[in-house]
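Step one of this worksheet: look at the structure below.
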Amino acid sequence: MRAARAFRFARAVHVSFNLALDFDSALRSAATAAGFADAEALNPEVRVSDPRHGDYQANGVLGYAKARKLNPRATAEKLVAALPASVRETCDVTIAGPGFINFTLKPATLFAWLRAHPSIAQLRVGAATAKRDQTWIVDYSSPNTAKQMHVGHLRSAVIGEALARLLAFSGAKVVRDNHIGDWGTQFGKLIWAYKRQLNTDALSREPLEEFERLYKVGNSTAEADPAVLDEARAELVKLQAGDPENLAIWKKINDVSLAAFQRIYDQLDIRFDVALGESFYNDKTDQIYRELSDLGLAVESEGALVVFHPEHPRFKEQPLIIRKRDGAANYASTDLATILYRFEHFKATGALYVVDKRQSDHFDQLFLTAQKWFAASHRTLPHLEHIDFGTVLGEDNKPLKTRSGENIKLRDLLTEAEARALALVSERSPDIPAEERAEIARLVGVASVQYADLSQNRSSDYLFAWDKMISLEGNTAAYLLYAVARIHSIFRKLGIDPTAGELDTAATPLETAEELTLARKLVKFSNALDSAVTQLRPHFLCLYLYELAGDFSGFYNADKVAVEDPAIRARRLLLCARTLLLLETGLNLLGLRTLRRM
RNA sequence: GGAUCCGUAGCUCAGUUGGAUAGAGCACUUGGCUUCGAACCAAGGGGCCGGGGGUUCGAGUCCCUCCGGAUCCGCCA
């Protein structure tokens, strides 16, 4: 009887995807209802709270009262007294300390949230308001052709992919752009060597290694022989003038490179919408020189065309070089052309440049220049942001290299991750058939690499340690994937489909401490997503998923799911199903694949 | 020389426009599998948040200064 009443109540309560937003608007309207003089100035500052204090807390009253020389505690009391009745139905509200307002969700509210979000479709509806009607370009990976991707390329690819997925889930139209370096000065020497020294066997076997070898041949030969250097320069001039033969070689090098890159992207589950490299903007730089010169932004200096920023402490003397002394374009030229193209062609709200933080000077100069350029030409500048990230370091605290000092190839790194994962799977799950073990290892190996990268604040340098990465413990991919596999296992044993909507019909309200702790964590998915998206830092979502998996493990250990009592069993299955949904959704948003058995 | 970022437990790291007693993991100690996957869980010790000064109801967070580290600074990207 009690259970039935609670069930009806839960159904009647309206719950939003993001409960913090409900409390925010409730407090704002309470400020008006309470007759605050400048009620609209109150920013409630609702955030997820330490569980000791409740589920959410509002800190904004403190600042509001301080600015007006009011007693913060009394202000909070007035505000709480004026809260809409609906808030009282969903949670307990208390005032603590100098004027913190604490919200503790009632079990029925938790239950209602779980019922209201049975599938990814409902999560998407809730999440997709944040970036609705916006178009974002995510510029990431961006390797140079004719070279292999090395460990330095990992972070851009992994972080960029996660951000692209997070923005898309938040309702934005996302254009994933691989801004490949396909137009460098290296092509002169490369083409020179390609015409003379190409090993076709090697080309078909290991094309990138062959290109790298050819470049080295071209480079060393040109260094030794000035005549060769002139020939190589001539090859570059011919290419840039559109010589059919050189253009064909250039195209072949790029096509083969992209196909090789794609094998890495497949492993990482990355798919670009466009790959508009530097060559694409080759014919679009003259307009840049012209416009910036006409506007007086660009001036000649030491033979080059450059932009100074006189008001800036550093860029008044450190120019942005947009055309080299020899008349050729560089990456500043193409980057400016790229901004214009993204503005005109994609009508972009903004563009995110997922690039090493060592290039922050370049982007500061670039964005400052674009800002003045767009303002002077009466255009609206999209939001441009450099998504910087730190260097991958080895255990010696220096940039990660092989023992012989070479860059570690990304392909080798992923292969090694897979091998280590296979050793682990074979040790822990010897009963799984070898073929499936290999499949699991492929997934776990790559996921571990991705997750290790994403789980740390991207701006910090990142210490690469195999043992930490492939480890099963702590904040690692394997720990999260294990939780996913274990939940699948429960449903498999019981012969129930976790996505079936009828799980909760017999459920009674949550009771045990572990059930409630888990449910309280589940409803905060939206807040973790929000942190990750607004700050463009995936590690907030990683941390949440890790804590969620931890709360699930605690629940799993304390409360048996497959019990006789149908009501208890139903509500625990509901918790399992939602934990599974959020873990899988969250991991997929980070770019990871999940599995059912490991 | 100029500039940017960083310094939190033995190690690796979180700490969201300044908020409540600074949090995790690893390592260490102890306990838990005849019961849904122990690749798990529970409990414990461990901190002048680099030093000093300032701003205020409140500072790991903001300002100043010193010490230590990383990175960038004209035609590579």
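Chain naming here is simple, since letters A, B, ... match the order of the sequence lines and numbering starts at 1 in each.
As rounded to whole Å, 16 Å separates atom P of B:C13 from atom CZ of A:R537. One can place CG of A:L463 at 12 Å from P of B:A14, the figure rounded to the nearest angstrom.
The listed nucleotides are B:G74, B:G2, B:A20; the one nearest the side chain of A:P319 is B:G74. Picking from B:U16, B:C13, B:C41 the nucleotide with the shortest atom distance to the side chain of A:Y479 gives B:C41. Among the nucleotides B:C41, B:C75, B:A14, the one closest to any side-chain atom of A:I321 is B:C75. For A:K66, counting side-chain heavy atoms from C-beta on, the closest listed nucleotide (B:A20, B:U56, B:U12) is B:U56. Among the nucleotides B:G18, B:U16, B:G74, the one closest to any side-chain atom of A:S531 is B:U16. The side chain of A:S49 approaches B:A20 more closely than any other nucleotide in the set B:A38, B:A77, B:A20. For A:S301, taking side-chain heavy atoms from C-beta onward, the closest of the listed nucleotides B:C36, B:A20, B:G74 is B:G74. Closest approach to the A:R428 side chain among B:C36, B:A39, B:U17 is made by B:A39 (side chain taken as heavy atoms from C-beta onward). With B:C72, B:U16, B:C41 as the candidates, the nucleotide lying closest to the side chain of A:F540 is B:U16.
A:E547 comes within contact range of no nucleotide atom at all, as no heavy-atom separation falls under 4.0 Å. Within 4.0 Å of A:D182, counting heavy atoms only, lies no atom of the nucleic acid at all. Nucleic acid contact for A:D356: none, since no nucleic acid atom lies under 4.0 Å from a heavy atom of the residue. In this structure, A:T476 reaches neither bases nor backbone, as no heavy-atom distance under 4.0 Å exists between it and the strands shown. Within the 4.0 angstrom heavy-atom criterion, base atoms lie near A:A485. In this structure, A:Y556 reaches the bases: a heavy-atom distance under 4.0 Å links it to at least one base atom across the strands shown.
Between the side chain of A:R358 and the base of B:U4, no donor-acceptor pair of N or O atoms lies under 3.5 Å. The base of B:A20 sits within donor-acceptor range of the side chain of A:N102, with an N or O pair under 3.5 Å. The base of B:A77 sits within donor-acceptor range of the side chain of A:Y331, with an N or O pair under 3.5 Å. A donor-acceptor contact under 3.5 angstrom links the side-chain atoms of A:S429 to the base of B:A39. With hydrogens and angles ignored, a donor-acceptor pair closer than 3.5 Å exists between the side chain of A:Q57 and the base of B:A20. Below the 3.5 angstrom threshold, one finds no donor paired with an acceptor across the side chain of A:K316 and the base of B:G2.
Stacking here means ring centres nearer than 5.5 Å and ring planes tilted less than 30 degrees, and by that measure A:F100 stacks onto B:A20. In this structure, A:H362 does not count as stacked on the base of B:A77 under the 5.5 Å centre distance and 30° plane angle limits.
Counting heavy-atom neighbours within 6.0 Å of A:E311 CD, excluding the residue itself, gives a total above 12. A 6.0 Å sphere centred on NZ of A:K147 holds no more than 12 heavy atoms belonging to other residues, nucleotides or ligands.
Residue A:S460 places at least one side-chain N or O under 4.0 Å from the OP1 or OP2 atom of B:A14.
When the C1' atom is used for both B:U55 and B:C64, the distance is 11 Å, rounded to whole Å.
Among the candidates A:N144, A:N254, A:N282, A:T145, the single residue satisfying the side chain to side chain donor-acceptor pair (under 3.5 Å) test with A:W183 is A:N282.
Ion pair A:R73/A:E77 flagged as a salt bridge, since at least one NZ, NE, NH1 or NH2 atom sits closer than 4.0 Å to an Asp/Glu carboxylate oxygen. Looking at A:D356 and A:R155, no side-chain N of the basic residue comes within less than 4.0 Å of a carboxylate O on the acidic one, giving no salt bridge.
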